[in-house]
There are 2 protein chains.
Amino acid sequence: MSEATSGTRPTLEAVAARAGVSRATVSRVVNGGAGVREALVLKVRKAVEELGYIPNHAARTLVTRRNGAVAVVIAEPELRIFSDPFFERQLRGISRELASHDAQLVLLWVEGPEDHERIVRYLGGGHVDGALAFSLHDDDPLPGLVRGIQVPTVFGGRPGWTAGADEPATPYVDCDNRGGARDAVRHLRALGRSRVAHIAGPADQTSALDRLAGYRDELPYEETALVAQGAFTEESGARAMTELLDRRPDLDAVFAANDLMASGALRVLRERGLRVPDDVALVGFDDMLPIAEATEPPLTTVRQDVEGMGRLMVRLLMRLLDGGPGVEPVVTPTALVRRASA
Amino acid sequence: MSEATSGTRPTLEAVAARAGVSRATVSRVVNGGAGVREALVLKVRKAVEELGYIPNHAARTLVTRRNGAVAVVIAEPELRIFSDPFFERQLRGISRELASHDAQLVLLWVEGPEDHERIVRYLGGGHVDGALAFSLHDDDPLPGLVRGIQVPTVFGGRPGWTAGADEPATPYVDCDNRGGARDAVRHLRALGRSRVAHIAGPADQTSALDRLAGYRDELPYEETALVAQGAFTEESGARAMTELLDRRPDLDAVFAANDLMASGALRVLRERGLRVPDDVALVGFDDMLPIAEATEPPLTTVRQDVEGMGRLMVRLLMRLLDGGPGVEPVVTPTALVRRASA
DNA sequence: CTGAAAGCGCTAACAC
DNA sequence: GTGTTAGCGCTTTCAG
C-alpha cells in the first residue's frame with residue numbers, strides 16, 4: 001500500500017520535502033486543496049500516497065481548536081436501555097449523522113459518582129467539540145456537571161430543569177410527548193370509550209409527565225382519577241393494570257405511557273379474561289417494534305422517530321458548534337399507529 | 001467552583017503565573033508532583049483550583065504521543081448484537097476496565113465499506129492509543145484494515161486467519177469454546193444419552209467451529225452425522241431442530257452452539273410433544289441470562305465470563321501499549337451450569 | 001529541586 | 001499561488 005517506513009509516521013514536513021513544496025502547500029492540499037495549482041496538487045497527493053501520510057490529529061487540534069469528535073454521555077440507568085431497541089436506535093441515528101459530518105463518537109459511560117471527575121476532566125480537556133446527553137431523571141447530577149463545564153451540549157429528551165432567565169435556552173430534541181398522548185386518548189374516545197385509564201411512567205421523567213399531561217388534556221377532570229403509576233417496565237405495567245382493574249372493574253380503555261407497560265397490561269387483561277380490544281381498548285407509546293408488533297393482539301401505539309431524533313441532536317449540536325446562536329429545542333411530531341389493540 | 005473566566009480556558013502558563021512558579025513546575029505537579037517541594041505543590045494546586053485549570057489534551061498528546069483513548073471497532077453485524085446482552089456485557093467490561101486505567105472509549109461503528117476510509121484515517125491519525133476489535137466473520141474486511149495500520153489491537157474472539165510466520169501472534173481473548181463444548185457433550189453422555197445431536201453456528205465464525213470441534217472430540221466418528229447448521233438465532237435453532245428430528249426421530253440429546261438456538265430448539269421439541277429433559281436432554285452455550293433462565297425448563301448451558309473477557313481485552317491492550325512484547329492470546333475457562341434441561 | 005528553552009506537527013496570517 | 005513565520009499548550013531534557 002505504501003512504503004510504510006515502519007519507524008515513525010511521516011509528517012507534513014516529509015511530504016513537503018518529497019513533493020518539493022512548502023509545508024503550507026501540503027497543508028492546503030490535505031485540507032481540500034483550494035487555491036493550489038493543479039500540478040502541485042497532484043504532486044502532493046502522490047507524495048502523500050507514497051508515504052502513507054495521515055495528518056496528526058493532536059497537532060491539528062492544537063491549532064484549530066476543533067477535533068472532530070463528539071461525546072455521547074450515557075448514565076448507568078440508560079445503559080439498561082442498551083439492550084433496549086430504543087436507545088440503540090437513537091445511538092444509531094447519532095452515529096450515522098456524526099459519520100456524515102466526519103465526526104467521531106466518543107462514548108462516555110457513567111456508572112456512578114466516582115466517574116464524574118473523569119468525565120468532567122474529559123469534557124473540559126477539549127477532547128471533544130461538544131456533547132450529547134440524555135436527561136432521563138430529574139435528580140441525575142450529570143446534566144448539571146455538563147452545564148458546569150462550558151462545553152456545547154444538546155440533550156435528548158426535555159430536561160427537567162428550566163434554564164435561568166439569563167441563560168440561553170437548553171437545546172434539546174424530544175418528541176411531542178404531550179401531543180402524542182392527546183392523540184392516543186382522542187383515538188380511544190373516538191372509539192366510544194368513556195372510561196379511559198392511564199398507566200403513567202416515573203414522575204421524575206419529563207417524557208412521562210408530558211404524556212400524563214396530554215392524557216389529562218383530553219379528559220374532564222373527574223375522569224382523571226384513573227391513573228396508576230408505572231415505571232416503564234413490563235412488570236410495572238402489569239402491576240398498574242391490576243391496580244386499575246381493582247379500582248375500576250368497568251374501565252373500557254387504557255393508555256399506557258410506553259409499549260413495555262402496555263404489554264404488561266395486556267398480559268394482565270388476558271389473565272383476567274378480558275378481550276382486547278373488545279372489552280378494553282389499549283394504546284401504547286413508542287412503537288418499539290419488537291414489542292408492539294409481537295404482542296397478541298399487536299399494539300396500537302404512538303410512534304416517535306427515534307433514529308431521526310438522534311440525527312437531529314447531532315445537527316443541532318453542529319449548528320451550535322458553528323457558532324450559530326439561538327439554537328432552539330426541537331420537538332418532533334408523533335404519529336398514531338393503528339394496529340389491533342385499539 | 002472557580003473563577004471560570006468565561007473567555008478562553010486557562011493554560012499552564014496562567015497557572016504558573018498565578019502560583020509564581022515556572023511552567024515546568026506546574027506541569028510536574030499536574031502530573032503527579034513527584035520531586036517538587038511540598039510548599040510549591042500546594043501553591044500550584046491552589047492556583048489550579050482557583051483557575052479551574054484543565055490540561056489541554058491535544059497539546060499533551062502532541063508531545064507524549066499518548067492520548068488515553070482506545071477505540072472499540074464494531075461492525076454492523078455485531079451491532080445487531082447490541083440488543084443482545086452478550087455484546088452489552090462485553091462492552092461494559094471494556095468500559096469499566098478502561099475507566100480504571102483512566103482511558104476513554106471511542107466507539108467506531110462501521111456500517112459498511114463506505115466507512116472504512118474514515119476508520120483508517122481515524123485509527124491512523126493517532127486519535128487513539130490502540131484498538132479493540134471483534135472478529136466475528138471470516139470475510140470481515142475490518143481486521144485486515146486494522147492490521148494494515150500499525151495500531152496496537154486486541155481482538156475479541158479467536159480470529160479466523162493465521163498470522164504469517166514472521167508476524168507476531170495476533171493477541172485475542174476468547175473463551176475455551178472447544179473445551180466448553182466437550183464438557184457439554186460429556187455431560188449429556190454421562191446422563192446416559194447415546195444419540196447426541198449438535199446444532200452448529202455459522203461456519204464462518206471460529207466460535208461456532210470450535211464448539212463443533214469440541215462436540216466431535218467427544219463422539220465416535222459415526223455419530224457425528226447428527227449435525228445441523230444454524231445461524232445463532234432463535235429461528236435458525238428451531239429450523240435445525242426440526243431437521244434433526246426428521247432425520248433422527250430417536251435422538252435423545254441436543255447440544256446447541258448457543259442459548260438462542262437452544263431456546264428455538266426447545267420450542268420445536270415442545271411442539272412435537274417431546275419432554276425435556278426426559279425424552280430429549282438439551283444443553284446450550286453462553287449462559288445468556290435473560291434467555292437461559294427464562295426458558296421452560298431453564299437451560300443447562302456452558303457459561304463464559306463475558307464481562308471478564310472484555311476486561312481482559314483491555315488489560316492485554318494495555319500491556320501491548322506498555323511495549324511489552326510477547327502478548328499471547330488468552331483463552332478463558334468455561335463452566336457448565338446445570339439447570340433443568342439436561 | 002526548579003527554571004529556561006527547545007520542540008511535538010500542524011495551521012494561518014502575512015509576505016512575496 | 002506559494003512560501004515564511006509564528007505560534008497552539010504542553011512536556012522534557014538540560015543547566016543551574
Side-chain angles (χ1 to χ4, degrees), chain A residues 5 7-45 47-48 51-69 102 121-122 124-129 150, chain B residues 5 7-45 47-48 51-69 121-122 124-129:
Chain A
T5 340
T8 64
R9 287 185 190 289
T11 68
L12 244 205
E13 183 94 49
V15 178
R18 177 149 195 143
V21 298
S22 75
R23 271 150 58 210
T25 299
V26 177
S27 175
R28 288 183 189 110
V29 172
V30 169
N31 292 292
V36 178
R37 219 182 333 143
E38 190 59 16
L40 282 197
V41 171
L42 260 37
K43 261 212 291 209
V44 172
R45 291 248 170 82
V48 164
L51 259 27
Y53 169 73
I54 298 180
N56 178 300
H57 173 67
R60 179 178 283 177
T61 297
L62 189 54
V63 29
T64 61
R65 269 98 209 310
R66 275 269 197 153
N67 53 26
D102 222 55
R121 207 172 351 118
Y122 191 81
H127 293 66
V128 292
D129 294 330
Q150 298 281 333
Chain B
T5 340
T8 63
R9 287 185 189 291
T11 67
L12 243 204
E13 181 93 50
V15 178
R18 177 148 195 142
V21 299
S22 74
R23 273 149 54 207
T25 299
V26 177
S27 175
R28 289 186 188 109
V29 172
V30 169
N31 293 293
V36 178
R37 222 184 329 145
E38 189 60 15
L40 282 195
V41 172
L42 259 37
K43 262 212 290 212
V44 171
R45 289 247 171 82
V48 164
L51 260 28
Y53 169 74
I54 299 179
N56 177 300
H57 173 65
R60 178 178 281 176
T61 296
L62 190 53
V63 27
T64 60
R65 269 103 209 311
R66 272 273 195 147
N67 53 27
R121 208 173 348 119
Y122 192 82
H127 293 65
V128 292
D129 295 331

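Every chain is numbered from 1 and lettered A, B, ... according to where its sequence line falls, protein lines coming before strand lines. Keep in mind it's a predicted model, so treat the numbers as computed, not measured. Side chains are part of it too, since the values below use all heavy atoms of this structure and drop only hydrogens, waters and symmetry mates.
- Here the closest heavy-atom approach between residue Leu12(A) and residue Arg23(A) is recorded as CD1-O, 3.8 Å.
- Residues from residues 28-35 of chain B lying near DNA chain D, meaning a heavy-atom separation below 4.0 Å, are Arg28(B), Asn31(B) in numerical order.
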Is there any protein nitrogen or oxygen under 3.5 Å from a nitrogen or oxygen in nucleotides 5-8 of chain D, and what are the pairs?
residue: dA6(D); atom: N6; partner: Arg23(A); partner atom: NH2; Å: 3.3
residue: dC8(D); atom: O3'; partner: Arg65(A); partner atom: NH2; Å: 2.7

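- Heavy-atom minimum distance, Arg121(B) versus Ile54(A): O-CG2, 3.8 Å.
- Phosphate proximity of dG3(D) to Thr25(A): present, with a side-chain N or O under 4.0 Å from OP1 or OP2.
- Taking the side chain to side chain contact (heavy atoms under 4.5 Å, CB included) definition, one finds that Ala69(A) meets it with Asn67(A), Gln104(A), Val106(A), Val128(A), sequence neighbours left out.
- Across all non-hydrogen atoms, the minimal contact from Leu62(B) to Ala58(A) is N-CB, 3.9 Å.
- Qualifying ring-ring contact (aromatic ring centres under 6.0 Å, His included) partners for His57(A), counting only residues two or more places apart in sequence or in other chains: His127(B).
- If you take NZ of Lys43(A) and P of dG1(D), they are 16 Å apart, rounded to a whole angstrom.
- Reading DNA chain C from its 5' end, the first and the last nucleotide to sit under 4.0 Å from a heavy atom of chain A are dG9(C) to dA13(C).
- Within the structure, every side-chain polar atom (N or O) of Arg37(A) is placed at least 4.0 Å from both OP1 and OP2 of dG1(D).
- Of all heavy-atom pairs spanning Asp129(A) and Arg65(A), the tightest one is OD1-O, 4.2 Å.
- With sequence neighbours excluded, the residues satisfying side chain to side chain contact (heavy atoms under 4.5 Å, CB included) with Ala24(A) are Ser22(A), Arg28(A).
- Considering CZ of Arg9(A) and CG of Asn56(A), their distance stands at 9.5 Å, rounded to 0.5 Å.
- Every side chain to side chain donor-acceptor pair (under 3.5 Å) that Arg66(A) has, sequence neighbours left out, goes to Asp322(A).
- Scanning all heavy atoms of the two residues, the minimum distance from Arg18(A) to Leu51(A) falls at NH1-CD1, 3.3 Å.
- When the nearest nucleotides of DNA chain D are assigned to Glu38(A) and Tyr53(B) by heavy-atom distance, the more 5′-ward of the two goes with Glu38(A).
- Overall bending of the helix from dC1(C)-dG16(D) to dC16(C)-dG1(D), expressed as the angle between end axes built from five pairs apiece, is 40° (10° steps).
- Taking atom CD1 of Ile54(B) as the reference point, atom P of dG9(D) lies 14 Å away to the nearest angstrom.
- Across Tyr53(B) and Val30(B), no two heavy atoms sit closer than the pair CE2-CG2, 4.0 Å.
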For residues 32-44 of chain B, dump all side-chain donor-acceptor pairs below 3.5 Å to protein atoms at least two apart in sequence or in another chain.
none

